[in-house]
**Q** 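Pasting a structure below so you can have a look.
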Amino acid sequence: MFAAHLIRRLAVPLAAMALTVGCATVSVYEPRLSSEAPPDLRQSVLRQASEAYCIETRRKGLAVGQGGLGSIAGLLTGADETGAVYSNLIIDSRAGPTATLERVRADAADVTRGLQYLDELARAVLVHSVPTGSDVTEFEKALIHARQAREALSDALATANLALKTDYSIEGELEALDRILTRARVTADELGSALEPVGAFAQALG
C-alpha cells in the first residue's frame, strides 16, 4: 500500500508537522498541517512524498517514469510514455481473471488515495508558504507517474474484461482517479504560478 510506504519514509517530518494520528491508512492521506510548522519543512515533506509516490508506482509496474520536459508536455496533452509493464504483470500472473480484476481495483484505489494526499500537501504549501522549484518539479513528476498509472490500469481493466467476457466500465472504475487527476493538474498550475521568483529564474536557466 502507498500509505504504508509513505508512513515509513516520512514518519519524522509528518510527526513534526503535527499530522492527525489515527488509523494509519486513513490519516496519512489526511494531513493536518500546523500553521506554526516552518515553510521549508512543509515543502520538504511535499518533495519527499512526491518522490515516494513515484517510487511506489514504478515498483508496482504502473509507471515507467519520465524523461524531461517532453513528458510534462505529454501529461498536459494527454499523451503518455507508459509501457506494457503493468499489463504484462497482470497477463503473466497465475491468478484468475476475477482475482486480477480485484488487484487492479485495489491498485487503482491506492494510486487515487496517494495522489489525493499529495494534492492536500501541495494545497497546504500554497496556503502557508511559497513553493520552491523543487516542490513544483517533484509534484509534476508525481503527476506524470499518476497519469501513466491511469493508462496502465485502463489497459489492465480492458484485459480483464476480455478474459472475463464482461463489460466493466473502465471510465466508471477509474472515475475517482480521473477526478483527483483533474484537481491535481490545477494544483500544479497554481504551484507554478506561485513559484518564488528566485526559484522560477533558476528553473528557467536550468
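Note that this is a predicted model, so its numbers are computed, not measured.
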**Q** Would a distance-only check, ignoring hydrogens and angles, find a side-chain to backbone donor-acceptor pair under 3.5 Å from Q148 to V64?
**A**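 Pair found, side chain donor or acceptor close to backbone of V64.
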**Q** Stepwise, does the salt bridge (Lys or Arg N to Asp or Glu O under 4.0 Å) test hold for R103 with D107?
**A** CA-CA 6 Å; R103 175 181 170 179; D107 287 342; 3.7 Å; yes
**Q** Apply the test salt bridge (Lys or Arg N to Asp or Glu O under 4.0 Å) to residues E51 and R47: give CA-CA distance (whole Å), side-chain angles for both, the deciding distance (0.1 Å), then the verdict.
**A** CA-CA 6 Å; E51 290 170 359; R47 290 196 299 270; 5.9 Å; no
**Q** Distance from F139 atom CZ to L121 atom CG, nearest 0.5 Å?
**A** 9.0 Å
**Q** How far does OG1 of T159 sit from OH of Y86, to the nearest 0.5 angstrom?
**A** 10.5 Å
**Q** For A122 versus T187, what's the shortest heavy-atom pair and its separation?
**A** CB-CG2, 3.6 Å
**Q** Enter the distance from L126:CG to L191:CG here, rounded to the nearest 0.5 Å.
**A** 4.5 Å
**Q** Taking atom CG of L62 and atom OG1 of T57, what is their separation to the nearest 0.5 Å?
**A** 6.5 Å
**Q** Heavy atoms only: give me the nearest L153-V104 pair and the separation to one decimal.
**A** CD2-O, 3.7 Å
**Q** Kindly write out the residues that satisfy salt bridge (charged side-chain N to carboxylate O under 4.0 Å, His left out) with R179, not counting sequence neighbours, or none if the list is empty.
**A** E175
**Q** Kindly determine whether R183 and I180 satisfy side chain to side chain contact (heavy atoms under 4.5 Å, CB included), including the steps that lead there.
**A** CA-CA 5 Å; R183 177 178 170 80; I180 189 59; 4.1 Å; yes
**Q** To the nearest 0.5 Å, what is the distance between CG on L162 and NZ on K165?
**A**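 Separation between the atoms: 7.0 Å.
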**Q** For L174 and R150, run side chain to side chain contact (heavy atoms under 4.5 Å, CB included): C-alpha distance rounded to whole Å, both residues' side-chain angles, the deciding distance at 0.1 Å, then the answer.
**A** CA-CA 8 Å; L174 301 178; R150 199 271 181 206; 3.8 Å; yes
**Q** Please report the closest heavy-atom contact between A194 and P131, naming both atoms and the distance.
**A** O-CD, 3.5 Å
**Q** Step by step, work out the side-chain hydrogen bond (donor to acceptor under 3.5 Å, both in side chains) result for T98 and E102.
**A** CA-CA 6 Å; T98 300; E102 290 175 355; over 6 Å; no
**Q** Could you pull out the closest heavy-atom pair between V111 and L177, with the gap in Å?
**A**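 Closest approach of V111 to L177: CG1-CD1, 3.8 Å.
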**Q** With sequence neighbours left out, write down each residue that passes side-chain hydrogen bond (donor to acceptor under 3.5 Å, both in side chains) with N161, or none if nothing qualifies.
**A**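 So N161 forms a side-chain hydrogen bond (donor to acceptor under 3.5 Å, both in side chains) with T166.
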**Q** Mind checking side-chain contact (heavy atoms from CB on, under 4.5 Å) for E173 and listing every partner two or more places apart, or none if nothing turns up?
**A** R105, L157, Y168
**Q** With sequence neighbours excluded, what pairs up with R123 under the salt bridge (charged side-chain N to carboxylate O under 4.0 Å, His left out) test?
**A** E190
**Q** Using the test side-chain contact (heavy atoms from CB on, under 4.5 Å), find all partners of A146 that sit at least two apart in sequence or belong to another chain.
**A** Y53, L115, L181
**Q** Indicate the atoms forming the closest heavy-atom contact of L118 with S50, along with that distance.
**A** CD2-N, 3.6 Å
**Q** Which atom names give the shortest non-hydrogen contact between H145 and K141, and what distance separates them?
**A** ND1-O, 2.8 Å
**Q** Evaluate side chain to side chain contact (heavy atoms under 4.5 Å, CB included) for D110 paired with K60, printing each intermediate quantity in order.
**A** CA-CA 11 Å; D110 269 357; K60 284 178 175 284; 4.1 Å; yes
